[in-house]
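The structure appears below as structure tokens.
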Amino acid sequence: MGESAYIVAERLHEKCDERAVDYWARAVAWTAEAMREGEQCSYQSTYKLYVLGHRESFADRAAQIHNSAMIRILSQGQAYGRLDPSSHLQINGANQTVRIPVIHHGFAWQRSDFQQLLVFEPPPGAPGNVCGRGVPLVVLSAFKARTQSGRLTCDGSEIEDLAPSQCESFIDSQTPFAATALMEIPVAIFLDETCERDEGPDVIDVGSVTLVNPLVIDPGTNGGLDEGPAIAQSPAMPLDYARQSSRYNPLRAFLSGDNGIDQPRLRFLEPYSPDKIPLLLVHGLLSDPAVYLQIGEAVHADPLLRQRYQIWLFRYPTGDNVLNSAASLRRQLAAAYACAQGCDCPSRSAETLHLEAGNSPAHRAVIVGHSMGGLLSKLQVTDSGDRLWRSVANVPFEQLQGSPKLLKQLHESFFFRASPNIGRVVYIATPHRGSQWASRCIGRLGSTLAGIWGQERDDYEIIVRDNPGVFSGQYSDSFPSSVEMLRPNSHLLETLAATPSTPSSVINSIIGKSCWWPRSGWSDTVVPVSSAYRANAESTTLVDATHTAILQSHAAQQTLLEILRVHLSTLSETATPPALEDDFSELDLHPALLEI
């Protein structure tokens with residue numbers, strides 16, 4: 001009966017007839033009984049089910065039809081106006097209209113955020129994939145679903161463009177999230193004798209569609225929802241979808257500085273949870289947050305880490321001056337913590353918010369910075385004093401002439417305090433003492449092109465014109481780009497390298513060591529080990545990886561995951577720092593570097 005119902009549903013769907021949903025529901029109900037006859041490990045794709053471990057049986061065939069019918073309802077139910085992921089699934093039974101409630105389990109997202117469901121095959125081999133019952137989904141929140149797709153007809157065409165709803169400022173409208181759908185549709189609603197309408201309501205509530213957050217369920221279990229088999233999981237699907245859907249162009253952003261898309265922005269991958277530690281990921285030069293895709297997948301695949309960490313991302317125009325980008329991150333990070341504590345104060349300064357932010361170690365973020373992103377991260381855990389200013393100017397800041405607006409912007413870039421909201425920094429291939437590539441032809445070309453249309457550079461040239469002879473070195477005639485700051489002879493970079501981090505933030509380093517250069521020694525092809533090394537790091541790990549591939553390195557990823565576990569144990573005062581994984585005696589580091 002289930003297979004017959006499915007065939008009828010497919011024929012109705014070809015005609016764009018909404019009754020197809022009713023017959024897919026019949027297929028789900030009728031096949032559920034047959035599936036209970038045997039336990040099997042099944043892995044579903046968009047239109048078919050692979051049954052592992054034995055030959056196809058009657059129960060196996062029922063499982064194929066069951067999952068295919070579920071997928072059809074989840075992917076087409078909204079187009080037919082039958083499925084509201086925030087509320088219910090409407091089915092026409094034998095004699096009555098049945099409203100099957102949609103239940104949301106384990107999500108920080110609000111019910112109203114469940115606006116569109118996407119069903120596609122989970123990426124094969126992705127970390128965290130777990131065989132089990134149910135259909136892994138990508139859910140689009142209200143704002144994204146409305147701005148991207150409007151209201152859909154059964155053939156996928158749009159009939160209207162709905163206005164976006166307001167959402168939290170740090171939740172990106174482009175952020176999808178994971179769910180696994182379970183469906184329980186009783187056979188009884190399709191039987192005439194059980195659906196008498198005598199004095200009964202026209203609409204009844206029965207059965208359930210349960211959307212489960214796979215990140216809160218231990219792999220291979222049912223999460224305590226019921227007595228059924230383990231629930232399928234594919235936590236990597238939303239990140240994979242986000243990468244495929246991205247319109248961001250790092251090269252264009254680097255050349256233009258401001259392309260209308262790449263504004264400095266701090267974003268959460270899920271609504272803020274006070275029970276989770278922020279894991280803030282900062283990308284490097286000519287890059288974007290997508291480089292952390294595999295690391296994000298690894299965190300979400302780990303049963304412990306995914307329940308204790310929430311991922312935050314910071315994206316910025318990498319051609320702009322590093323100090324400006326760091327100031328933007330500082331302001332947004334302070335505002336994020338203030339908002340998380342219920343303080344809606346967007347007009348207040350980062351310095352004021354910094355004093356009001358929470359200082360509980362359990363809530364302090366772990367910030368991970370790759371390449372130039374490590375320098376931005378260093379600037380979050382440093383008290384500047386007047387060190388950075390004295391490295392580029394020969395008069396006190398108070399003597400500077402210029403408009404109040406420009407002077408305020410310049411002051412925020414050079415004078416700041418360490419954020420109390422960061423408990424640990426992990427540097428990955430960070431050029432603390434610069435890179436020779438920034439001084440070579442390709443670096444000089446990049447420096448010439450980077451940010452040549454930026455407003456910040458124009459504003460700075462006004463300051464230089466109004467204060468002749470005040471600035472020195474790279475700052476003497478123009479606002480230096482990010483590439484210029486990475487040159488080994490940059491006085492500003494040397495000063496930053498010599499400036500200590502706040503004692504309240506623990507430091508870890510992951511350094512690439514893939515080749516030997518005659519002048520700089522061991523290197524990841526871009527950043528020498530001697531430039532990335534920090535003597536005050538709790539642990540330093542060398543991995544055989546190039547600069548661009550280190551985030552995809554299994555060794556680097558496992559090292560980072562172990563650091564995150566150690567950080568959790570420090571909160572319970574039981575931590576043992578990870579051991580140094582390489583012998584630095586062979587690297588012939590200069591004695592002065594050991595004091596950095």
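Remember, predicted model here, so these are calculated numbers, not experimental data. Side chains are part of it too, since the values below use all heavy atoms of this structure and drop only hydrogens, waters and symmetry mates.
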With a 4.5 Å cut-off on side-chain heavy atoms, are [Y] and [X] touching?
X	Y	result
Val102	Pro85	no
Ser86	Ser112	no
Leu280	Val368	no
Val187	Arg26	no
Trp30	Ser4	no
Tyr272	Gln310	yes
Leu137	Thr180	no
Thr221	Ile231	no

Do Gln332 and Ser328 have side-chain atoms, one donor and one acceptor, less than 3.5 Å apart?
-> yes

Could you tell me whether a side-chain N or O of Gln116 sits under 3.5 Å from a main-chain N or O of Leu140, the two making a donor and an acceptor?
-> no

Less than 4.0 angstrom from a charged side-chain N to a carboxylate O is my criterion; do [X] and [Y] meet it?
X	Y	result
Arg565	Glu562	yes
Arg82	Asp22	yes
Arg306	Asp218	no

Who are the side-chain hydrogen bond (donor to acceptor under 3.5 Å, both in side chains) partners of Arg19, not counting sequence neighbours?
-> Asp17

Give the intermediate values and the outcome of salt bridge (Lys or Arg N to Asp or Glu O under 4.0 Å) for residues Asp226 and Arg133.
-> CA-CA 12 Å; Asp226 50 33; Arg133 63 185 169 118; 2.4 Å; yes

Nearest 0.5 Å, please: how far is [atom2] in [Y] from [atom1] in [X]?
X	Y	atom1	atom2	value
Leu305	His567	CG	NE2	11.5 Å
Ile550	His370	CD1	NE2	6.0 Å
Leu239	Ile295	CG	CD1	11.5 Å
Asn95	Phe190	CG	CZ	12.0 Å
Ile65	Arg72	CD1	CZ	14.0 Å
Ile277	Leu568	CD1	CG	5.0 Å

Smallest separation among heavy atoms of [X] and [Y], with atom names:
X	Y	result
Tyr309	Leu564	OH-O, 2.6 Å
Gly93	Val98	N-CG2, 4.4 Å
Gly134	Asn67	O-OD1, 4.0 Å
Ile91	Ala25	CD1-CB, 3.6 Å
Gln557	Leu551	NE2-O, 3.0 Å
Tyr316	His283	OH-O, 2.7 Å

Can you list the steps and then say if Arg315 with Arg267 is a side chain to side chain contact (heavy atoms under 4.5 Å, CB included)?
-> CA-CA 8 Å; Arg315 188 176 75 180; Arg267 287 294 179 265; over 6 Å; no

More than 12 heavy atoms from other groups under 6.0 Å of CZ on Arg111 | yes

Does CD in Gln110 sit with more than 12 non-hydrogen atoms of other residues, nucleotides or ligands closer than 6.0 Å?
-> no

Please lay out, stage by stage, how Tyr292 and Trp312 fare under the test ring-ring contact (aromatic ring centres under 6.0 Å, His included).
-> CA-CA 11 Å; Tyr292 284 106; Trp312 295 2; over 10 Å; no

Can Trp24 and His13 be said to form a ring-ring contact (aromatic ring centres under 6.0 Å, His included), step by step?
-> CA-CA 10 Å; Trp24 284 321; His13 179 54; 5.4 Å; yes

Under 6.0 Å between the ring centres of Phe177 and Trp109?
-> yes

After noting the C-alpha distance and the side-chain angles of Lys15 and Arg11, does the key distance pass the side chain to side chain contact (heavy atoms under 4.5 Å, CB included) rule?
-> CA-CA 7 Å; Lys15 300 176 181 179; Arg11 290 173 178 172; 5.7 Å; no

Name the one of Ile73, Leu89, Ile103 that satisfies side-chain contact (heavy atoms from CB on, under 4.5 Å) with Val209?
-> Leu89

Do Asp113 and Ser141 pass the side chain to side chain donor-acceptor pair (under 3.5 Å) test, and can you show the C-alpha distance, the side-chain angles, and the key distance before you say yes or no?
-> CA-CA 5 Å; Asp113 290 321; Ser141 61; 5.7 Å; no

Does the side chain to side chain contact (heavy atoms under 4.5 Å, CB included) test come out yes or no for Ile311 and His300, once each step is laid out?
-> CA-CA 9 Å; Ile311 297 178; His300 281 174; 3.8 Å; yes

